[in-house]
Amino acid sequence: MSERKRLVRGISEGAAADAILDASSSMGSLPPLPVQRAQSAGAAAVLGFHHQNNNANANSAGFLTDPTLPFRCGRGGGASHTSSGGYSLAQRNYSIDQLLQEMEHGMTIGDGKGKKATTTTAAAEEDGSHGNSVMRAVGSVVQIFATGIAPDYGNPWSMGDTSTWTGSGFCIDHARIVTNCHVVHNHTLLQVQRQDTPRKWRAHVVALAHDLDLAVLRVDDADAFWNTSSTNTKTATLAQADTALQLYTEVNCIGFPQGGSTLCVTKGVVSRFDAQLYVHAAFAGIDEDSANSPGNVFVLQVDSAINPGNSGGPAISHDGKVVGVASSGDTSGQNIGYVIPVSIVHLFLDEVAQTGSWSGVSELGLSCQMLESETYRNYLGMTMKQQQQQLQEMQQSSSQNSDVNGGGKENPENNGITEEDSQDDGGGVEKEDDDEAIGVLVRTVAPLGALHGKILPGDILTHMDDLPVSNEGRVPVTLSGQTVNVEADALVTCKPKGQTTKFTIMRRSPRQDSDSNNDGIGGELEAHTLSVEMKPIPPLAPRYHGVDSKPDYVVLGGLVFSRATVPLLRRYNYWYHVVQRAFNTYKQSPDQELVVLQKILRHDMNVGAEASLDIVRSVDGVPIKNLQQLADLASSIIDGESENTSKFVEIYLDEEDHNEKFTEKSTGPWKFPNIVLERAAIPLATPEICHFYGLTHPISPSLRPDEDKDVGENNTDNEEHNEGEGE
């Protein structure tokens, strides 16, 4: 598993920068906006966090930490911050008086690195256009104030404590505000404040993208917010989606970070292009190397300071256009910040404008084995000469070779491969100069993915969009003349729905009897291409609370059953290996879920029963496919209407040390049940258990018929508010 970065999401508390705008508006020709620079030593402020779990407290950090995760994410506020393993960061904030004085007299401002950052009137005139561009973008930035309550997956019938936090956002066209998803996740109240007015405006979420860490908001009183008597709300201009920044391109990150109450600008350069699982998804509990991961997405690394509170603010280029959204910072190094590229922002906004919501990134849906071993490649019969020969023959052929995509005449002996699309589309695949054969071995294909039935286990994936796939599963991508190798699935996650991805694979022909020897697996490798519209893949373990996950429960005889989700696993600190192994498999059918015995509410009728987050195999003789099925079954048992009239209710669980697949293990007559309950005692004990433990009903509201829901009952689903509203 690749090493995880220790990351901290930037959310903090601040206020508007009224003085900056007032001062700048009175000076006529505007110099560059003063910049906050990071110092490498002599820390004046410490960036670090500790776990806070206070009720409504504006100065509490209000975030969760997990001792098993190497990164930390924070929602911070207030002036007090406690160090907890983060790096020290000294930040020099300049007062308005000092800035005006030094800009007027041409004095120098130290940047904390032994250098002089000269700010003279002449320099301001030379770079006046840049300063004006940044100033225009500054007017679009707002501070976001949020109050929220997180669910308690450990006690799914109750909620956690209320907390408050702040972040940044920026206004764009069509009366929209863009910010990070983690700034508004789990909110119950949202307010935005422009930097030129003390008034806070109620806002609501239009759409969320947890996998992209993006959100779009609207202000409730839109007319008043966008057209006030004093000044109109300014909007930022997004750079074009195909904008490719060169390394060392200067960017300014604008927001309301910790360390002060006014708007702040930090200056830096683009230092790296990369693709990775975003911090918000990783913090939610998703393993980047598992089948449950949505995939790697392009990201920019910058050296400008991105601190708690910067999250959701814009990253501005020299021409004043938004080239990204500030997202997170890396606490294991100095001056390492991450920005979501503008191309990804467009991807999100365009789909929301078209459909009213975000459906998720398109996913590759392949589990592949790296082929760095030359011995293994030889075993598979892979050689570069053979691969190039096969590709050339495929490109030259007009009708002889096969394609895995539909549209042509199907060859029934070749797993649906057709004859029409096997021709190359004219571009041709990129040739490798290296003598080593390229590609990775496909082990598993997601049954609900777009590639199911098109790419098969045993195929060798050699190219995507005509780019060679290395033996490590990476592809070379050229951005502004800079070639970087990124994870291959980033070519899929960056595309809008409906756009195709081209795959080139090497597929082994059926093995002949004459191939039976000890010189490999036999059979000839043949090249095929296919173009497929990729799509999101529903995970076996729901990922995000309020989107595909909620803390539903079923209580039967004091046994608490829940749906196995990523938030639930995170709640139990990733300790339970049975569930972890199960999360690393693809979902087999749309209605498949993993149901677990989460805990036991102790009562006379369940004395001696044990639970350790085990997966439920069957209840009362019925194999359990999902939690809704179990809820219906439990309801009939509690009401005394079960078709099974036996004296006992038998419950079979998966054992932690078995080696069989979860979906195939049998509960034969030789296997004794893990837990046995007396059927007649369940209806009598259920009201007592609910009373003792504060439950209004043994089954959560979303799992029972509407007529069974208690009037005024608290629904703990805590869905994201207003998500999915149309544009």
Side-chain angles (χ1 to χ4, degrees), residues 151 153-154 156-157 210 284-287 290-294 359-360 363 365 444 446-449 452 536-556 559-572 574 576-599 611-637 651-656 658 660-667 674 698-705 716-719:
Y153 276 79
W157 48 84
H210 287 266
I286 296 173
D287 184 351
S290 72
N292 203 57
S293 172
S359 61
E363 301 179 34
T444 310
L448 302 182
H452 180 65
I537 301 175
L540 179 58
R543 299 168 178 148
Y544 310 112
H545 172 70
V547 179
D548 58 354
S549 173
K550 50 188 175 183
D552 285 330
Y553 62 90
V554 174
V555 178
L556 180 64
L559 309 183
V560 180
F561 300 94
S562 299
R563 185 183 295 110
T565 64
V566 171
L568 177 67
L569 180 62
R570 185 176 182 271
R571 170 64 173 79
Y572 285 93
Y574 314 89
Y576 299 93
H577 305 296
V578 174
V579 179
Q580 282 187 312
R581 292 203 308 270
F583 282 6
N584 203 31
T585 59
Y586 289 114
K587 195 171 186 176
Q588 301 297 312
S589 62
D591 63 346
Q592 181 194 8
E593 294 177 346
L594 291 180
V595 178
V596 296
L597 175 56
Q598 177 180 340
K599 63 192 300 183
S612 58
L613 212 64
D614 292 312
I615 297 174
V616 180
R617 294 293 308 158
S618 68
V619 175
D620 205 22
V622 179
I624 300 302
K625 297 181 179 180
N626 52 62
L627 191 60
Q628 182 64 65
Q629 177 199 26
L630 177 58
D632 295 340
L633 178 62
S635 179
S636 66
I637 296 174
I651 299 172
Y652 288 86
L653 307 174
D654 264 318
E655 298 176 1
E656 185 172 350
H658 77 76
E660 300 177 67
K661 293 183 179 179
F662 295 102
T663 58
E664 298 178 358
K665 186 175 180 182
S666 172
T667 55
N674 300 83
I699 300 175
S700 58
S702 64
L703 295 176
R704 60 184 192 262
T716 60
D717 292 351
N718 194 29
E719 299 285 352

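Residue numbers count from 1 along this sequence. Just so you know, these numbers use all the heavy atoms, side chains as well, and skip hydrogens, waters and symmetry mates.
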Verify, without hydrogens or angle tests, whether Q588 (side chain) and L540 (backbone) share a donor-acceptor contact under 3.5 angstrom. no
What's the spacing between T565 OG1 and H545 NE2 if we round to 0.5 Å? 10.0 Å
Over all atoms of both residues, closest heavy-atom pair of Y586 and G365: OH-C, 3.5 Å
Can you name the nearest heavy-atom pair linking P567 to P542, along with the distance? CD-O, 3.8 Å
Closest approach of P156 and S562, non-hydrogen atoms and distance? CG-OG, 4.4 Å
Atom CZ in R570, atom CG in L568: separation rounded to 0.5 Å? 12.0 Å
Q598 and Y572: side-chain donor and acceptor closer than 3.5 Å? yes
If you round to the nearest 0.5 Å, how far is CG of L597 from CD1 of I651? 7.0 Å
Between CG of D591 and CG of N626, what distance do you get to the nearest 0.5 Å? 5.5 Å
From D552 CG over to Y153 OH, what is the distance, rounded to the nearest 0.5 angstrom? 8.5 Å
Suppose we screen for ring-ring contact (aromatic ring centres under 6.0 Å, His included). Which residues come up paired with F561, at least two apart in sequence or across chains? none
Begin with the C-alpha distance, continue with both residues' side-chain angles, and end with the deciding distance and a verdict on side chain to side chain contact (heavy atoms under 4.5 Å, CB included) for S635 and R704. CA-CA 8 Å; S635 179; R704 60 184 192 262; over 6 Å; no
Set of residues satisfying side chain to side chain donor-acceptor pair (under 3.5 Å) with respect to Y544, sequence neighbours excluded: none
Is there a donor-acceptor pair closer than 3.5 Å between any side-chain N or O of S700 and the backbone N or O of Y553? yes
Check side chain to side chain donor-acceptor pair (under 3.5 Å) between E593 and all other residues, then give those that pass, not counting sequence neighbours. R563
Who are the side chain to side chain donor-acceptor pair (under 3.5 Å) partners of K587, not counting sequence neighbours? none
Checking side chain to side chain contact (heavy atoms under 4.5 Å, CB included) for the pair V595/Q629: CA distance, chi angles, key distance, verdict? CA-CA 10 Å; V595 178; Q629 177 199 26; over 6 Å; no
Can you sort out the partners of P539 under side-chain contact (heavy atoms from CB on, under 4.5 Å), two or more places apart, ordered by chain and number? N292, R543, D548
Mind checking side-chain contact (heavy atoms from CB on, under 4.5 Å) for A631 and listing every partner two or more places apart, or none if nothing turns up? V554, Q628, I699, L703
Is a donor on one side and an acceptor on the other found under 3.5 Å between the side chain of S636 and the backbone of L633? yes
Pick one: which of D614, I615, V596 meets side-chain contact (heavy atoms from CB on, under 4.5 Å) with D654? I615
Suppose we screen for side chain to side chain donor-acceptor pair (under 3.5 Å). Which residues come up paired with S359, at least two apart in sequence or across chains? E351, K497
Rounded to the nearest 0.5 Å, how far does CD1 of I286 lie from CG of L569? 11.0 Å
P698 versus L556: any side-chain heavy-atom pair under 4.5 Å? no
